[in-house]
**Q** 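This is the structure I have questions about; it appears just below.
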Amino acid sequence: MDIRSEELPVLRARRKFAVWPERGGIMDSEGRAGLAKSAAVKLSEMGERTKQLGTVMQEPNRQRRVILVIVCVALLLDNMLYMVIVPIIPNYIADLESEHLSHGHVNTSVNNTSPGKFSRDNLDLQIGVLFASKAILQLLVNPLSGTFIDRVGYDLPLLIGLIVMFLSTCIFAFAENYGTLFVARSLQGLGSAFADTSGIAMIADKYTEEGERSRALGIALAFISFGSLVAPPFGGVLYEFAGKRVPFLVLASICLADGILFLTVIKPFANRTRENMPVGTPIYRLMIDPYIAVVAGALTVCNIPLAFLEPTIANWMESSMNATQWEIGLTWLPAFFPHILGVYITVKLAAQYPNLQWFYGAIGMVIIGASSCTVPACKNFGQLIAPLCGICFGIALVDTALLPTLAFLVDVRHVSVYGSVYAIADISYSVAYALGPVVAGQIVHTLGFVQLNLGMGLVNVLYAPALLLLRNVCQMKPSFSERNVLLEEGPQGLYDTIKMEERRSKRKGYSSSGSCMATDGNGGDTFRGQSRSHSEEESSGPEYS
């Protein structure tokens with residue numbers, strides 16, 4: 001009896017533990033089934049929401065707004081990556097140079113040049129080549145990228161540009177020698193040749209009305225300005241407190257998010273509308289167009305002061321006004337606000353007086369010239385802010401007025417495909433920024449900083465009257481009321497412009513806009529003949545929208 005009484009609790013415990021696993025297994029299976037069911041319900045709800053979001057995004061107005069955001073972020077990233085290395089690379093290359101000299105055995109007693117001077121000259125040369133490599137490669141690739149964009153559309157080149165920019169940013173983050181930095185910088189130029197050109201062209205294609213197009217391009221220019229001016233303090237602060245890699249990893253993350261949003265909204269591999277896109281005018285024919293050439297020249301000349309001052313003004317401030325490092329780092333940041341003001345004013349004026357786009361550009365070039373000439377007269381940081389703000393304000397006037405004019409010139413004189421014409425605009429910028437880091441230093445060394453600024457100012461003032469050639473082009477614009485009356489849909493470029501003229505000539509017997517289009521330097525019905533020949537030969541298909 002004692003043994004059984006002692007074994008009884010053990011047996012009860014064994015029965016209890018023998019039963020509980022079975023009950024636990026039943027409860028676990030029921031819990032898993034419930035979790036699986038709830039997960040399936042949540043997944044189906046997410047699928048429905050994603051489908052609804054995709055349906056909403058396909059609505060034209062919403063889609064083009066999202067496209068504008070995607071393009072603006074891409075332009076912001078490109079210009080931030082272009083300028084974020086300004087406070088980072090000089091110190092980083094100097095550290096690499098010192099490490100190389102400490103590990104190597106350099107004999108400087110052969111010549112009379114001191115090691116410090118030799119190292120400083122070599123450092124300046126390396127920095128200048130590194131800064132110019134992006135613009136040089138972009139300058140070489142742009143003619144090819146413009147033709148490629150005209151052939152395949154705007155979406156796939158923009159995706160290619162984002163991918164290349166992401167790779168370039170990651171290489172910058174993990175680069176450990178000058179050669180890798182050079183490769184990363186050159187890759188950025190390749191990505192910019194595709195992303196910048198296709199992005200601006202996509203905005204011009206989606207926003208067909210002149211007022212909306214000017215406003216959208218003005219927003220894009222504001223993002224370009226913000227990226228260029230905020231990047232140096234952004235990079236300097238993160239480099240000082242978090243290390244070299246952090247600024248580039250932040251930019252790479254934003255680029256990756258922008259690419260994912262692009263694939264979600266655009267779906268370049270699923271949406272094939274290339275068959276409906278007319279064959280664009282070759283880029284060499286656009287280059288010899290006198291009006292496009294005048295606009296391209298203005299874009300180059302107006303950006304020369306900014307491109308030439310960026311690599312030279314820091315040394316001048318340090319030597320002439322004993323500027324501190326924080327003053328040098330914040331040199332261009334106050335100019336962001338006048339640039340935004342210039343974009344806003346030009347967009348508003350263009351909406352009320354669209355025929356004066358050439359005048360806004362000419363005024364901007366005069367302001368740039370006067371501001372550039374006053375830079376050497378500044379004695380301290382506070383005085384220097386005013387002419388730099390004037391330069392950025394004038395650049396905003398020129399860019400905001402003339403970039404939509406390029407799209408309009410393509411609409412009335414060629415075929416409404418914008419890849420090549422904005423590749424020409426990108427070439428114009430690249431010429432200035434390719435020459436800046438290489439040529440500006442030599443001019444300052446041989447002639448002086450004062451002569452550099454006076455020359456840049458004089459070139460801008462002398463070029464401003466050339467924009468008078470665009471007066472007749474701006475007068476070609478038909479009124480929006482006539483477009484809406486004579487066309488069932490909104491105007492889609494050259495084909496609709498010709499159709500409007502034909503209908504108006506049938507109703508009225510003459511075309512006032514056609515007579516305005518006939519005023520060319522060569523006389524006669526030049527524009528009308530060119531337009532009809534282009535309409536018959538190249539614009540027979542429906543437009544790409």
Side-chain angles (χ1 to χ4, degrees), residues 71-86 89 127-150 152 154 156-169 171-172 181-203 220-221 223-225 227-228 231 248 251 255 283-284 286-287 292 295-304 306-308 310-311 395 399 403 406 418-440:
V71 173
C72 288
V73 172
L75 296 173
L76 172 72
L77 287 169
D78 180 46
N79 286 272
M80 285 194 72
L81 185 58
Y82 179 78
M83 294 297 295
V84 77
I85 69 173
V86 171
I89 292 301
I127 293 174
V129 172
L130 183 66
F131 273 69
S133 60
K134 185 254 186 188
I136 291 174
L137 187 64
Q138 190 172 348
L139 179 64
L140 296 175
V141 176
N142 263 317
L144 302 177
S145 66
T147 304
F148 180 74
I149 292 168
D150 285 347
V152 304
Y154 311 113
L156 188 59
L158 180 56
L159 179 62
I160 293 173
L162 288 173
I163 293 173
V164 175
M165 287 169 56
F166 175 76
L167 295 176
S168 170
T169 312
I171 294 173
F172 262 120
L181 292 173
F182 184 83
V183 171
R185 185 69 166 176
S186 302
L187 268 180
Q188 189 203 350
L190 178 63
S192 300
F194 284 93
D196 293 2
T197 306
S198 58
I200 297 293
M202 184 179 289
I203 292 176
L221 289 172
F223 274 81
I224 292 174
S225 171
S228 299
F248 299 107
L251 295 179
C255 185
I283 191 170
Y284 70 90
L286 295 178
M287 285 182 173
I292 294 177
V295 174
L299 294 176
T300 301
V301 171
C302 77
N303 280 275
I304 283 178
L306 184 61
F308 280 45
E310 281 176 351
I395 291 175
D399 289 347
L403 281 180
L406 284 175
Y418 308 103
S420 292
V421 75
Y422 283 111
I424 294 174
D426 211 20
I427 289 172
S428 304
Y429 296 127
S430 300
V431 168
Y433 286 97
L435 294 176
V438 178
V439 177

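Residue numbers count from 1 along this sequence.
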**Q** For residues Ser420 and Ile149, determine if any side-chain heavy atom of one lies less than 4.5 Å from a side-chain heavy atom of the other.
**A** no
**Q** Look up atom CD1 in Ile200 and atom CG in Asp426, then write down how far apart they are to the nearest 0.5 Å.
**A** 8.5 Å
**Q** Just so I know, are the side chains of Leu435 and Phe308 near enough to count as touching, which here means a heavy-atom distance under 4.5 Å?
**A** yes
**Q** Start with the C-alpha distance between Cys302 and Asp399, add both sets of side-chain angles, then the distance that settles side-chain contact (heavy atoms from CB on, under 4.5 Å), and finish with yes or no.
**A** CA-CA 9 Å; Cys302 77; Asp399 289 347; 4.0 Å; yes
**Q** Among all residues two or more places apart in sequence or in another chain, which pass the side chain to side chain donor-acceptor pair (under 3.5 Å) test with Thr169?
**A** none
**Q** Would you check, one step at a time, whether the test side-chain contact (heavy atoms from CB on, under 4.5 Å) holds for Leu403 with Leu299?
**A** CA-CA 9 Å; Leu403 281 180; Leu299 294 176; 4.3 Å; yes
**Q** With distance as the sole test, does Thr197 use its side chain to make a donor-acceptor pair with the main-chain N or O of Gly419 at under 3.5 Å?
**A** no
**Q** Nearest 0.5 Å, please: how far is CD1 in Ile424 from CD1 in Ile283?
**A** 5.0 Å
**Q** Please answer whether the main-chain N or O of Gln138 pairs with a side-chain N or O of Asn142 as donor and acceptor at a distance below 3.5 Å.
**A** yes
**Q** What is the distance from atom CD1 of Ile224 to atom OH of Tyr429, rounded to the nearest 0.5 Å?
**A** 6.5 Å
**Q** Measure across Leu77 and Cys255 and return the closest heavy-atom pair with its distance rounded to 0.1 Å.
**A** CD1-CA, 3.3 Å
**Q** What pair of heavy atoms forms the shortest contact from Ala423 to Gly146, and how long is it?
**A** CB-CA, 3.7 Å
**Q** Output all residues satisfying ring pair (Phe, Tyr, Trp, His ring centres under 6.0 Å) with Phe248, sequence neighbours left out; order by chain, then residue number.
**A** Phe172
**Q** So, using ring pair (Phe, Tyr, Trp, His ring centres under 6.0 Å) as the criterion, who are the partners of Tyr82 when residues are at least two apart?
**A** Tyr433
**Q** Quick check: closest heavy atoms across Ser168 and Ala184, and the distance to 0.1 Å?
**A** OG-O, 2.7 Å
**Q** What pairs with Asn303 under side chain to side chain donor-acceptor pair (under 3.5 Å), at least two apart in sequence or on another chain?
**A** none
**Q** Are the side chains of Met83 and Asp78 in contact, using a 4.5 Å heavy-atom criterion?
**A** no
**Q** Could you give the distance from CG (Leu81) to CG (Leu251), rounded to the nearest 0.5 Å?
**A** 6.5 Å
**Q** Output all residues satisfying ring pair (Phe, Tyr, Trp, His ring centres under 6.0 Å) with Tyr422, sequence neighbours left out; order by chain, then residue number.
**A** none
**Q** What are the two closest heavy atoms between Ala440 and Pro311, and how far apart are they?
**A** CB-CG, 4.4 Å
**Q** Taking atom CD1 of Ile160 and atom OG of Ser145, what is their separation to the nearest 0.5 Å?
**A** 10.5 Å
**Q** What pair of heavy atoms forms the shortest contact from Ser133 to Ser186, and how long is it?
**A** CB-OG, 3.9 Å
**Q** Begin with the C-alpha distance, continue with both residues' side-chain angles, and end with the deciding distance and a verdict on side-chain contact (heavy atoms from CB on, under 4.5 Å) for Leu187 and Ile171.
**A** CA-CA 9 Å; Leu187 268 180; Ile171 294 173; 3.6 Å; yes
**Q** Do side-chain atoms of Ser198 reach the backbone of Phe194 as a donor and acceptor pair under 3.5 angstrom?
**A** yes
**Q** Any side-chain heavy-atom pair from Arg185 and Phe131 closer than 4.5 angstrom?
**A** yes
**Q** Taking salt bridge (Lys or Arg N to Asp or Glu O under 4.0 Å) as the test, write out the residues that go with Asp196, two or more places apart.
**A** none
**Q** Going by heavy atoms in the side chains, are Ser192 and Lys134 under 4.5 Å from each other?
**A** yes
**Q** Quick check against the 3.5 Å criterion: does Ser225 have a side-chain atom that pairs as donor or acceptor with the backbone of Leu221?
**A** no
**Q** Of all the heavy-atom pairs spanning Ala195 and Met165, show the shortest one and how long it is.
**A** CB-SD, 3.8 Å
**Q** If we ignore hydrogens and angles and just use 3.5 Å, is the side chain of Thr300 paired with the main-chain N or O of Ser428 as donor and acceptor?
**A** yes
**Q** Flag the pair Phe182 / Val129 as yes when at least one side-chain heavy-atom distance between them is below 4.5 Å, and no otherwise.
**A** yes
**Q** Would you mind reporting whether Ile292 and Met287 have side-chain heavy atoms less than 4.5 Å apart?
**A** no
